[in-house]
2 protein chains.
Amino acid sequence: MSERVSSGQPRSTSDPVPPRRRDAAATREAVLLAAREVFAELGYDRAGIRDIGARAGVDARLIGRYFGSKEGLFTEVVDLAFEKTMMMGPGHNHQAARSLLVDSTPEPADGMLIALRSASNERAAAIMRDNLERNYQRVVTDGLAGPDAAGRAALLIAVCSGVQLMRDILGNRALATGDLDKLVPYLEAALDAISATP
Amino acid sequence: MSERVSSGQPRSTSDPVPPRRRDAAATREAVLLAAREVFAELGYDRAGIRDIGARAGVDARLIGRYFGSKEGLFTEVVDLAFEKTMMMGPGHNHQAARSLLVDSTPEPADGMLIALRSASNERAAAIMRDNLERNYQRVVTDGLAGPDAAGRAALLIAVCSGVQLMRDILGNRALATGDLDKLVPYLEAALDAISATP
DNA sequence: CGGCCATGTCCTCAAACGAGGACATGAAAA
DNA sequence: TTTTCATGTCCTCGTTTGAGGACATGGCCG
């Protein structure tokens, strides 16, 4: 089965500093960071507040006090995760295609990973939809000229989401091995076809 | 394995409690149909064998006897769901784009819906990846000329998956309302950019 | 016509989940 | 220094999940 976080190893992967006693802000931050990791790995449903608390080195009950509920925590995590994301549109498509196909670390696309793995939950999907439209999609829309900018921005995000789904979540072999560089021009052309002003 | 369906009509959506006699084949069929619906609605994790059994009008325990486990049932459902799916590639892209954007019923894309909603589970993802590569992706690949046909087929499927994710699962408003017909040419052009022989 | 095995139904179990209230404690305020 | 309240910890509860074994029953074969 998947690895369980041991109670004796409470430190987050990016938080190597142990001496934190009573500091609400630092605790909140540690919980948010751990939650972001766990949500990205397991999705909303499979991520448990016990896992998150253990990874943050914090009692699970504290999450309820700070964020109200698991759903409240998820909302804040999604806010953070979509703050800086991969850009698309004219002038960005080559980099986006490369980033999606050949780069191995999906670090900046953290938000999308959370979205893909949490899509099965209706409440989580609604939270992500609102945040996506209000922040990320808005930025992409602003970068587009021509008619139907909002719809085309949604298409661009959809294309990138689909590639990431097939590659990182389903683990499709055609997108995991071989000459992925050869596929970059195709994906780039597809993005250009949507973002180019007609 | 008798082929008759004497004890009832083919099960349909929201079938409450049909009178079931003793017919193993019909029972299997009813369970598979109900499971396909429930998996498409809720995804692998949230779908319970109790739900499936209730919708099929069958004791939940019977599922364990017929299919071994929930995972075994899922495997058979995925086999069925990808049997006939939306076609992509040269000559199909306009119809595919229309089907994804303006058609409201995602009935033929049943398999993709299951895939999108079950992506969070690693075991389910592996089952779908295998089936997708072995059946659906293979057909799309055969319809493509030129180099890197397998990778480009994966890209085509990825694009369509992404659109369906944004539209049907996340419920993005830019892809749910308004003049979706105006977006069809963009999506079609994107698909063409991938499937056209360079 | 009668036996019998496939078919269907019921029970339970162990584990994991989210959420909540009572209590200890340390760090800042007076 | 003393007070005090935010901060952190532990407990339980009720629910739901997937899975398994024992028993009733009915349709087909002998």
Side-chain angles (χ1 to χ4, degrees), chain A residues 1-8 10 18-32 34-35 38-39 42-75 77 118 120-124, chain B residues 1-8 11 17-32 34-35 38-39 42-75 77 118 120-124 127:
Chain A
M1 293 303 290
S2 58
E3 51 171 334
R4 261 294 188 259
V5 179
S6 162
S7 311
R20 175 173 47 79
R21 293 297 290 172
R22 291 185 161 234
D23 188 338
T27 301
R28 263 188 75 98
E29 212 60 32
V31 170
L32 279 173
V38 178
F39 279 136
L42 303 176
Y44 182 85
D45 279 330
R46 302 177 70 83
I49 57 172
R50 290 172 175 83
D51 298 346
I52 297 172
R55 187 174 302 205
V58 162
D59 188 278
R61 179 68 195 89
L62 212 57
I63 295 177
R65 195 199 299 262
Y66 278 170
F67 302 93
S69 66
K70 182 183 177 182
E71 195 175 304
L73 171 64
F74 184 74
T75 305
V77 167
S118 307
S120 57
N121 188 299
E122 242 180 80
R123 292 286 305 141
Chain B
M1 284 204 198
S2 112
E3 294 277 320
R4 66 210 170 95
V5 201
S6 57
S7 53
R11 302 286 159 252
V17 179
R20 178 166 313 285
R21 299 301 292 170
R22 294 191 162 227
D23 188 337
T27 300
R28 261 188 76 97
E29 211 60 32
V31 170
L32 279 174
V38 177
F39 279 137
L42 303 176
Y44 182 84
D45 278 331
R46 303 176 68 82
I49 59 172
R50 290 173 175 81
D51 300 345
I52 297 171
R55 188 175 301 206
V58 162
D59 187 278
R61 179 68 195 91
L62 212 58
I63 295 177
R65 194 197 299 259
Y66 278 169
F67 301 94
S69 66
K70 183 184 177 182
E71 195 174 306
L73 171 63
F74 185 75
T75 305
V77 167
S118 306
S120 57
N121 188 298
E122 243 179 79
R123 292 286 305 139
I127 292 173

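In the text below, chain A, chain B and the rest are named by the order of the sequence lines, each starting its count at 1.
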Original post:
Contact class for B:Gly48 vs. all strands (heavy atom < 4.0 Å): base, sugar-phosphate, or nothing?
Top reply: sugar-phosphate
Original post:
Once you round it to whole Å, what is the distance between P of D:dA19 and CD1 of B:Ile49?
Top reply: 6 Å
Original post:
What distance do A:Thr27 atom OG1 and A:Ile63 atom CD1 have between them, rounded to the nearest 0.5 Å?
Top reply: 11.0 Å
Original post:
Counting just side-chain N and O atoms, does A:Thr27 come under 4.0 Å of either OP1 or OP2 of D:dT7?
Top reply: no
Original post:
Do you know the tightest heavy-atom contact between B:Asn121 and A:Arg46?
Top reply: ND2-NH1, 2.9 Å
**OP:** Whole angstrom is fine here: how far is it from CG in B:Asn121 over to P in D:dG18?
**Re:** 11 Å
Original post:
Which whole-number value in Å describes the distance from A:Arg50 CZ to C:dA19 P?
Top reply: 10 Å
**OP:** Let me know the distance between CD1 of A:Ile63 and P of D:dG8, rounded to the nearest Å.
**Re:** 12 Å
Original post:
With a non-hydrogen cut-off below 4.0 angstrom, is A:Ala47 in contact with a base, only sugar-phosphate, or nothing?
Top reply: sugar-phosphate
**OP:** Using whole Å, report how far OH of A:Tyr66 lies from P of D:dA6.
**Re:** 11 Å
Original post:
Mapping A:Tyr44 and B:Asp59 onto DNA chain C by nearest heavy atom, which one lands closer to the 5' end?
Top reply: B:Asp59
**OP:** Describe, in one word, how the ring planes of B:Phe74 and B:Tyr44 are oriented to each other, choosing from parallel (under 30°), tilted (30 to 60°) and perpendicular (over 60°).
**Re:** perpendicular
**OP:** Taking the side chain as every heavy atom from C-beta outward, state whether B:Arg65 and B:Leu62 have any atom pair closer than 4.5 Å.
**Re:** yes
Original post:
Can a donor-acceptor pair under 3.5 Å be found between the side-chain atoms of B:Arg61 and the base atoms of C:dG8?
Top reply: no
Original post:
Taking everything shown except B:Glu71 itself, do over 12 heavy atoms lie less than 6.0 Å from its CD?
Top reply: yes
Subject >> Any N/O donor-acceptor pair, A:Arg65 side-chain to D:dT9 base, under 3.5 Å >> reply: yes
**OP:** Using a cut-off of strictly less than 4.0 Å, decide whether B:Ser69 has a side-chain nitrogen or oxygen near OP1 or OP2 of D:dG18.
**Re:** no
Subject >> Separation of C:dA19 P from A:Leu73 CG (nearest whole Å) >> reply: 10 Å
**OP:** Specify the separation, in whole Å, of atom CG of A:Asp45 and atom C1' of C:dA16.
**Re:** 13 Å
**OP:** Write down the distance between CZ (B:Phe67) and P (D:dA19), rounded to a whole number of angstrom.
**Re:** 13 Å
